Amino acid sequence: MTQVGEMIRQMYINGKWVEAKSGKTFKVINPATGETVAELPDGGAEDARLAINTAHEAFKSWSRVSPVERSRSLEKAFKLMTERRDELAKLITLENGKPFEEAKKEVAFGAGYFDWFAGEARRVYGDVIPSPAGSRRFWMIRQPVGVVAAITPWNFPATMITRKIAPALAAGCTVVLKPAEQTPLTALAITKILHDVGLPPGVLNVVTTLYPEEIGKEFLRNPLVRKIGFTGSTEVGKLLMRGAADQLKRVSFELGGNAPFIIFEDADFDAAVDGAVGMKYLRVAGQSCICANRIYVQESIAERFTKAYVEKVKGIKVGHGFEPGVVIGPLINKDTLEKVDRLVQDAVKKGAKVATGGGRLKEAAFAKGYFYAPTVLTNVTEEMGVTREEIFGPVAPILTFRTEGEVIERANNTNYGLASYVFTKDLGRVFRITEALEYGLVGVNDAAGYGHETPFGGFKESGLGREGGKEGIEEYTEAKSIVVNLPQ
Ligand code: ADP
């Protein structure tokens with residue numbers, strides 16, 4: 001097994017590395033080999049309570065630290081995370097499975113949120129509001145919301161954390177983080193960075209657990225938690241929102257997606273093929289909520305596109321993340337593998353054709369991991385689950401369309417609304433279609449996704465609120481209006 005310099009095996013509460021109160025532990029598994037990578041504290045409600053109390057105490061001083069000073073802490077975190085890129089990337093490959101090269105890119109991008117929000121920390125502007133009466137004055141200030149509970153998924157073990165904690169800390173909030181049970185090691189390594197840059201005790205706390213429900217319940221019932229930032233499935237998002245209603249806790253959710261990837265006959269053909277490969281397969285083996293889930297190709301170029309696409313997909317190297325040249329690693333676990341296969345088999349039963357792939361990889365090298373063959377399906381219709389559900393795996397369903405109006409309607413016909421992509425050279429169409437698509441992100445001739453500078457989030461059941469951009473920090477603030485009656 002690849003050695004990592006420093007692997008932290010404890011949770012972090014009030015500036016100290018600690019075990020779970022219960023003394024219980026759980027195993028972190030390498031999805032490529034099934035081997036145990038580490039054993040970590042299996043925290044429960046009591047640990048979460050302690051972390052919340054600590055964060056509440058720390059909030060009293062952290063919220064008063066000057067924005068410049070908070071900004072400096074984040075700048076230092078950016079630098080240290082950049083220095084530790086390879087070390088973090090190793091942990092990601094070990095616990096998440098994604099190829100090492102991809103993991104390095106993730107760490108660099110994740111670190112970028114510290115950089116971006118270091119700047120934003122200094123720009124939490126209020127407003128001076130013209131008053132209608134000469135005897136009164138109005139203004140508005142933005143203040144940190146309080147203790148934030150952050151719940152993050154396993155697919156981007158670094159980015160999903162920095163995208164939440166960087167704006168929260170920048171705004172003056174304190175945080176209790178509960179990382180995904182599959183990828184807690186990266187979370188702890190990022191925490192160590194903040195510890196090393198001298199973040200005061202209690203400002204960031206991390207509770208690891210195998211049983212997220214228990215911690216989630218404590219987050220919901222504890223009145224000291226003012227805000228829940230969550231990235232994960234729409235199903236769990238709804239559950240948290242119902243629970244948050246009791247105390248009207250603030251929520252920011254980034255949930256599931258069902259991204260259409262639309263290619264018109266006038267598109268730059270090669271760019272469209274490459275984009276559709278990249279946004280389907282080369283982001284954690286398709287396990288990203290912005291991955292292309294339905295590829296719509298205009299009928300006149302469908303045959304040519306499918307041929308070129310399948311050719312490229314056949315050339316994709318699957319394997320263990322540390323093996324040179326590998327661009328697709330394993331899926332995260334057995335459940336995900338089985339779900340992906342169920343969607344493929346269901347589509348085939350309903351008439352889809354497998355152009356390449358179509359099943360689990362069973363050769364000896366893959367035997368102990370959760371590897372699925374990069375798969376392309378043709379003859380796909382919207383009656384198939386593979387186009388209605390979020391696939392979260394390396395499976396590309398190709399559908400064809402005739403007109404712009406038709407494809408817009410079909411693309412929008414889903415409860416999700418996170419990301420969408422369009423390839424075309426027609427300028428008028430770019431305006432029409434970007435305005436008509438009901439998605440939080442529209443990539444035009446672009447399959448690289450969002451940036452630190454852009455607000456990211458979903459329409460419909462894909463989420464609430466935005467992360468990144470100038471909007472990202474506002475999510476961690478409350479607007480307070482101050483009205484002053486002048487002495488006469
Ligand atoms: P996925 O299916 O991608 O793993 P989940 O929504 O199940 O997505 O998980 C995303 C995050 O939510 C993880 O950190 C997980 O531990 C957490 N989680 C799952 N169920 C709950 C729950 N009932 N309460 C709080 N957090 C939960």
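Remember, it's 1-based here, ligands and their atoms both numbered in the order they're listed. Just so it is clear, the structure is predicted and the values come from calculations on it, not from any experiment. Scope of the values below: all heavy atoms of this structure, side chains included, with no hydrogens, waters or symmetry mates.
- No close placement of the F78 and F114 rings is indicated, their centers lying 6.0 Å or farther apart.
- There is a protein heavy atom closer than 4.0 angstrom to atom 5 (P) of ligand 1.
- Ligand 1 has no nitrogen or oxygen under 3.5 angstrom from a nitrogen or oxygen of T231.
- Using a 30° and 60° split on the angle between ring planes, W154 and F392 fall in the perpendicular class, above 60°.
- In summary, E389 and R342 engage in a salt bridge, as defined by a charged side-chain N under 4.0 Å from a carboxylate O.
- With distances taken over non-hydrogen atoms, the option nearest atom 21 (C) of ligand 1 out of L177, N333, V236 is V236.
- Taking all atoms of both residues into account, the shortest heavy-atom contact from M279 to Y421 is CE-OH, 3.3 Å.
- A tilted orientation is assigned to the rings of F322 and F100, their planes being inclined by 30° to 60°.
- For ligand 1 and E181, the ligand atoms under 4.0 Å from any heavy atom of the residue are 15 (C), 16 (O).
- The proximity of T152 to ligand 1, defined as any non-hydrogen pair under 4.0 Å, is limited to the backbone.
- For ligand 1, one of its N or O atoms has an N or O atom of W154 under 3.5 Å away.
- For ligand 1, the atoms lying closer than 4.0 Å to a non-hydrogen atom of K178 are 14 (O), 15 (C), 16 (O).
- Taking 4.0 Å as the cut-off between side-chain N and carboxylate O, R221 and E218 count as a salt-bridged pair.
- Nearest protein heavy-atom neighbour of atom 17 (C) of ligand 1: I151 CG2, 3.6 Å.
- In terms of heavy atoms, L343 sits closest to G385 at CD2-C, 3.8 Å.
- When each atom of ligand 1 is checked for a heavy atom of G232 under 4.0 Å away, the hits are 6 (O), 10 (C).
- Under 4.0 angstrom from ligand 1, there are no non-hydrogen atoms of F219.
- Relative ring orientation between F109 and H452 is described as parallel, the plane-to-plane angle staying below 30° on a 0-90° scale split at 30° and 60°.
- For atom 8 (O) of ligand 1, the closest non-hydrogen atom of the protein is S233 N, 3.6 Å.
- Protein heavy atom closest to atom 12 (O) of ligand 1, with residue, atom name and distance, is F230 CE1, 3.2 Å.
- Closest protein heavy atom to atom 25 (C) of ligand 1: P212 O, 3.6 Å.
- Looking from atom 23 (N) of ligand 1 to the surrounding protein, the closest heavy atom is E213 CG, 3.5 Å.
- Using a 4.0 Å cut-off between charged side-chain N and carboxylate O, E338 and K334 make a salt bridge.
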